[in-house]
Amino acid sequence: MAEKEGFAKFVSVQGHYNLIFREEEREMAKLCAEDNIAMTPYSALAGGRLSKRPGETSKRLEEDSYARLKYDATAQQDSEIIRRAAELAGRWGVTMTEISLAWLLTKVTAPVVGATKLHHIEGAARATNLTLTAEELAYLEAPYVPHALVGVMAQNTAAAAKASHVWSAGNQKIT
């Protein structure tokens, strides 16, 4: 339509995509590849789930109620993928962040990484130098089970069109 009408074409799409939420692979990734549209996914580390070993926690994991809405319902099925990411991180001697982003960089142009500390940026940068083998990529992907849509996309229904939505990132106050 954009081409036909002389409008600016889409050049990038920002969708919810990471190692434990791969629903963009159903249709969007194929469309983007066909139409040369960059994928710049958000939630690259699944609200911290792909950067913490099983049993570890963080302020984000404890307080981000919106991320819990998106990920808690599938925590059991996602735990094997998270365990495998931790295992590969140990094998490589790197962080889970580096493993998770290295996987994602085989799929997309550039992920959106919510860095709040210097070491977050350093880990993301190091991931660009990590090349996982085809076997390692398959090992990470194998346990994936399709998920129901969550977050904004799940709320984007005709029935919910007039409802007000409030998204939260914890107990933060806007001043």
Side-chain angles (χ1 to χ4, degrees), residues 14-26 28-29 39-155 165-172:
Q14 187 177 35
H16 180 199
Y17 186 50
N18 57 56
L19 188 54
I20 62 171
F21 191 85
R22 296 174 35 208
E23 298 314 299
E24 291 290 89
E25 293 174 2
R26 290 186 192 192
M28 190 57 70
M39 288 179 64
T40 55
Y42 68 88
S43 201
L45 296 172
R49 283 150 185 80
L50 291 167
S51 62
K52 297 290 181 196
R53 295 182 183 280
E56 290 181 338
T57 192
S58 69
K59 184 175 181 179
R60 172 93 189 263
L61 289 173
E62 292 171 7
E63 292 184 2
D64 189 344
S65 61
Y66 195 63
R68 282 196 303 273
L69 169 76
K70 292 193 296 186
Y71 297 109
D72 280 5
T74 57
Q76 185 66 34
Q77 69 192 57
D78 298 338
S79 65
E80 178 59 17
I81 297 168
I82 293 168
R83 187 196 65 73
R84 288 179 182 209
E87 177 189 328
L88 283 180
R91 247 191 260 165
W92 276 85
V94 299
T95 66
M96 287 178 61
T97 294
E98 291 168 72
I99 293 292
S100 299
L101 292 178
W103 173 85
L104 191 57
L105 287 167
T106 69
K107 310 290 184 179
V108 305
T109 305
V112 175
V113 181
T116 57
K117 296 181 176 122
L118 179 59
H119 75 271
H120 295 163
I121 296 166
E122 293 168 341
R126 284 191 305 270
T128 65
N129 296 320
L130 183 61
T131 304
L132 300 173
T133 67
E135 293 78 18
E136 289 167 329
L137 294 170
Y139 181 68
L140 289 169
E141 293 175 0
Y144 187 77
V145 177
H147 290 48
L149 292 179
V150 295
V152 175
M153 294 310 295
Q155 295 167 333
H165 298 289
V166 178
W167 292 279
S168 166
N171 297 325
Q172 300 158 353

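Counting begins at 1 with the first residue of the sequence. What you see is a predicted model, and the numbers here were worked out from it, not measured in a lab.
Legend: residues meeting salt bridge (Lys or Arg N to Asp or Glu O under 4.0 Å) with Arg83, ordered by chain and number and at least two apart, are Glu80, Glu87. Under the salt bridge (Lys or Arg N to Asp or Glu O under 4.0 Å) criterion, Glu141 pairs with Lys107, not counting sequence neighbours. The side chain to side chain donor-acceptor pair (under 3.5 Å) test applied to Arg126 returns Glu98, not counting sequence neighbours. With sequence neighbours left out, the side chain to side chain donor-acceptor pair (under 3.5 Å) criterion links Thr40 to Ser12. Here Ser43 pairs with Tyr71 under the side chain to side chain donor-acceptor pair (under 3.5 Å) rule; sequence neighbours left out. Here Ala115 pairs with His120, Ile121 under the side chain to side chain contact (heavy atoms under 4.5 Å, CB included) rule; sequence neighbours left out. Residues passing the ring-ring contact (aromatic ring centres under 6.0 Å, His included) test with His119: none are found, sequence neighbours excluded. Remark: Tyr144 engages His147 in a ring-ring contact (aromatic ring centres under 6.0 Å, His included) (not counting sequence neighbours). Not a single side chain to side chain donor-acceptor pair (under 3.5 Å) links Glu24 to another residue, sequence neighbours left out.
Two residues are said to be in side-chain contact when any heavy atoms from C-beta on lie closer than 4.5 Å; Pro146 and Glu23 meet this criterion. Counting heavy atoms from C-beta on, the side chains of Arg84 and Pro143 come closer than 4.5 Å. Between Ile82 and Pro54 there is a side-chain heavy-atom pair separated by less than 4.5 Å. Looking at heavy atoms from C-beta onward, Leu140 lies in side-chain contact with Ile99 at the 4.5 angstrom threshold. Side chains of His16 and Tyr42 form a contact here, defined as non-hydrogen atoms less than 4.5 Å apart.
Shown here for Ala85 and Ser100, the closest heavy-atom pair between the two residues is CB-OG, 4.4 Å. In this structure, Leu50 and Ala44 approach most closely via the heavy-atom pair CD1-O, 3.9 Å.
Rounded to the nearest 0.5 Å, atoms OG1 (Thr97) and CG (Leu104) are 12.0 Å apart. The OG1 atom of Thr95 lies 8.0 Å from the CG atom of Leu101; values are rounded to the nearest 0.5 Å. Taking CG from Leu132 and CG from Leu88, the interatomic distance works out to 7.0 Å, rounded to the nearest 0.5 Å. To the nearest 0.5 Å, atom CD of residue Gln14 and atom CE of residue Met39 are 11.0 Å apart. For the atom pair CG (Leu137) and CG (Leu19), the distance works out to 9.5 Å, reported to the nearest 0.5 Å.
Legend: ring-ring contact (aromatic ring centres under 6.0 Å, His included) pairs involving residues 85-104, not counting sequence neighbours, sorted by first then second residue: Tyr17-Trp103. Applying the salt bridge (Lys or Arg N to Asp or Glu O under 4.0 Å) definition to pairs two or more places apart or across chains, those involving residues 39-58 are Arg49-Asp72. Every pair tested for salt bridge (Lys or Arg N to Asp or Glu O under 4.0 Å) that includes a residue from residues 111-125 fails, sequence neighbours excluded, so the list is empty.
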Start with the C-alpha distance between Thr74 and Ile20, add both sets of side-chain angles, then the distance that settles side-chain contact (heavy atoms from CB on, under 4.5 Å), and finish with yes or no. CA-CA 9 Å; Thr74 57; Ile20 62 171; over 6 Å; no
Given side-chain contact (heavy atoms from CB on, under 4.5 Å), test Leu105 with Thr128 step by step and report yes or no. CA-CA 7 Å; Leu105 287 167; Thr128 65; 3.9 Å; yes
